[in-house]
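Indexing begins at 1, ligand by ligand and atom by atom, following the structure's order.
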Amino acid sequence: MNILVLVKQVPDTNEVRIDPVTKTLVREGVPSIINPDDKNALEEAIRLREKNGGKVTVISMGPPQAEVALREALAMGADEAYLLTDRAFAGADTYATAKALSKAIEKFEYDIVFCGRQAIDGDTAQVGPQIAEQLNIPQVTYVRKVEVEDDGLKVERALEDGYEEIKVNTPVLLTAIKELNVPRYPSIKGIFNAYGKKEVKTITADDLDVDKNELGLKGSPTKVVATSTPNTERTGEIFTGNVKEAVQNLVDRLNKRHVI
Ligand SMILES: Cc1cc2nc3c(=O)[nH]c(=O)nc-3n(C[C@H](O)[C@H](O)[C@H](O)COP(=O)(O)OP(=O)(O)OC[C@H]3O[C@@H](n4cnc5c(N)ncnc54)[C@H](O)[C@@H]3O)c2cc1C
C-alpha cells in the first residue's frame with residue numbers, strides 16, 4: 001500500500017502572542033512545527049505500512065526551510081520526502097496550493113493521499129478536499145479510524161454528534177483529525193537516518209505538467225487584501241438586583257449577541 005502524506009510546516013500558533021502595546025502579532029522566536037493534524041495523518045500512514053507493507057512518502061509545499069518538517073517526518077518513519085519549492089508557488093491561496101500539490105501527486109503511484117483536516121495557520125480545511133477534486137478521487141474528511149479491507153478501506157468519519165462508517169475504494173483522499181491516534185516521537189535511529197541516509201528531494205514548477213499562470217499568486221482566485229489583529233480586550237459586567245432579574249438580564253444580553 002503506497003501512502004502519500006501531505007505535511008505543512010506551520011508556526012506554532014500556541015506560541016504566537018499579541019503585543020499589548022502595538023496590538024500586532026509577535027512572531028519572533030515562534031518555532032515552526034509540523035501541522036498537528038498532519039502528524040496524525042503521518043502516524044496512521046506509518047501504522048498502515050507496518051501492518052500491510054508498502055511505502056510512506058511525505059510531500060510538502062513551502063520555502064526551503066520547510067525541509068526541516070520533512071526531516072522530522074522521515075525521523076518518525078516516512079520512507080521518502082519531497083519538497084515543492086519554487087518562487088512560482090509563492091502567494092498561493094488554497095486553490096493554487098491544491099493545484100500544485102495535486103499536479104505533484106499525479107507523478108506518484110498511490111492508494112491513499114493522507115492530509116490533515118486543517119492547518120493551524122491558514123485554518124481553512126480546504127486543501128485536502130480540493131486536491132481530491134483535482135485528482136478526481138473520492139474523499140473522506142474528519143477521519144478518526146481506518147481499517148484496510150479486501151476491496152478498499154473502512155473508515156470512521158467524525159460528526160458533531162456521532163460518526164459515520166464509510167466503505168471506500170482506493171485511491172482515496174483522507175483527512176485526519178487528532179482523535180485518530182497519538183503520533184509517535186522520532187527514535188534516535190530515526191533521527192540519524194533522517195539526517196544521514198535519507199534525502200529530501202526537490203520538486204520545482206518546471207517538474208509539473210502545469211502552466212505557471214495556474215500556480216502561486218497568479219493562479220489564485222482569492223487575494224488577502226488586509227489583515228488585522230482582533231481586539232481581544234474584555235470588559236467585565238456585573239448584573240445586580242434580585243437573582244431572577246439578574247439572570248434574565250444575562251440571558252437577554254447573551255441572546256442579543258447570538259451567544260445562545
Ligand atoms: C484567500 C487566501 C489568500 C492567501 N494568500 C496567501 C499568500 O498570498 N501567501 C501565502 O503564503 N499564503 C497565502 N494564503 C495561505 C495559503 O493559501 C494556505 O496556507 C494554503 O493554501 C493552505 O491552506 P490552509 O493553511 O488553510 O490549509 P488547510 O486547507 O487547512 O490544510 C489542510 C491540509 O492540507 C495539507 N496542506 C495544506 N497546505 C499544504 C502545504 N503547503 N504543503 C503540504 N500540505 C499542505 C495538510 O495536510 C493540511 O493539514 C492564502 C489563503 C487564503 C485563504
Side-chain angles (χ1 to χ4, degrees), residues 3-13 16 25 27 32-45 56-73 76 78 80-105 107-108 110 112-135 137 139-143 172-181 183 200-205 208 214-228:
I3 308 175
L4 306 180
V5 184
L6 301 186
V7 299
K8 184 180 183 192
Q9 189 185 46
V10 293
D12 188 349
T13 47
V16 176
L25 296 178
R27 292 167 190 274
S32 290
I33 56 169
I34 294 182
N35 181 55
D37 286 345
D38 305 359
K39 270 202 176 171
N40 296 105
L42 177 58
E43 173 64 32
E44 201 62 25
V56 175
T57 303
V58 280
I59 302 176
S60 189
M61 180 175 112
Q65 60 265 32
E67 185 186 321
V68 177
L70 290 172
R71 295 268 176 210
E72 188 182 340
M76 276 175 70
E80 287 189 0
Y82 291 83
L83 177 62
L84 272 74
T85 191
D86 195 309
R87 288 221 161 270
F89 299 136
D93 66 3
T94 58
Y95 182 82
T97 301
K99 170 73 82 178
L101 287 167
S102 53
K103 285 292 168 189
I105 288 167
K107 304 262 170 203
F108 294 85
Y110 61 89
I112 301 174
V113 179
F114 229 135
C115 296
R117 172 185 72 117
Q118 185 166 358
I120 56 172
D121 56 349
D123 242 2
T124 66
Q126 291 173 357
V127 171
Q130 287 182 353
I131 289 174
E133 285 296 312
Q134 302 247 12
L135 295 171
I137 59 173
Q139 57 177 284
V140 185
T141 53
Y142 292 77
V143 169
V172 62
L173 182 139
L174 308 176
T175 78
I177 55 172
K178 68 173 188 300
E179 288 75 10
L180 183 58
N181 54 43
V200 172
K201 294 174 195 131
T202 301
I203 296 176
T204 67
L208 307 179
E214 293 183 53
L215 301 171
L217 199 57
K218 280 189 195 154
S220 296
T222 54
K223 305 268 179 293
V224 176
V225 289
T227 56
S228 61

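- In this structure a side-chain-to-backbone donor-acceptor pair under 3.5 Å is present from Asp93 to Thr222.
- Checked options Glu43, Glu44, Lys39; the residue passing with Asn181 is Glu44 (criterion: side chain to side chain donor-acceptor pair (under 3.5 Å)).
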**Request:** Begin with the C-alpha distance, continue with both residues' side-chain angles, and end with the deciding distance and a verdict on side chain to side chain contact (heavy atoms under 4.5 Å, CB included) for Gln139 and Thr175.
**Result:** CA-CA 8 Å; Gln139 57 177 284; Thr175 78; over 6 Å; no

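- If you look at ligand 1, the protein residues with a non-hydrogen atom under 4.0 Å away are Leu6, Val7, Lys8, Asn35, Asp38, Ile59, Ser60, Met61, Gly91, Ala92, Asp93, Thr94, Thr97, Leu101, Cys115, Gly116, Arg117, Gln118, Ala119, Asp121, Gly122, Asp123, Thr124, Ala125, Gln126, Val127, Thr222, Val224.
- Within the 4.5 Å cutoff, side-chain heavy atoms of Leu6 are placed close to those of Ile105.
- Screening residues 118-129 for salt bridge (charged side-chain N to carboxylate O under 4.0 Å, His left out), with sequence neighbours left out, gives Lys8-Asp121.
- Looking at Thr202, Val200, Ile203 one by one, the single match for side-chain contact (heavy atoms from CB on, under 4.5 Å) with Thr85 turns out to be Thr202.
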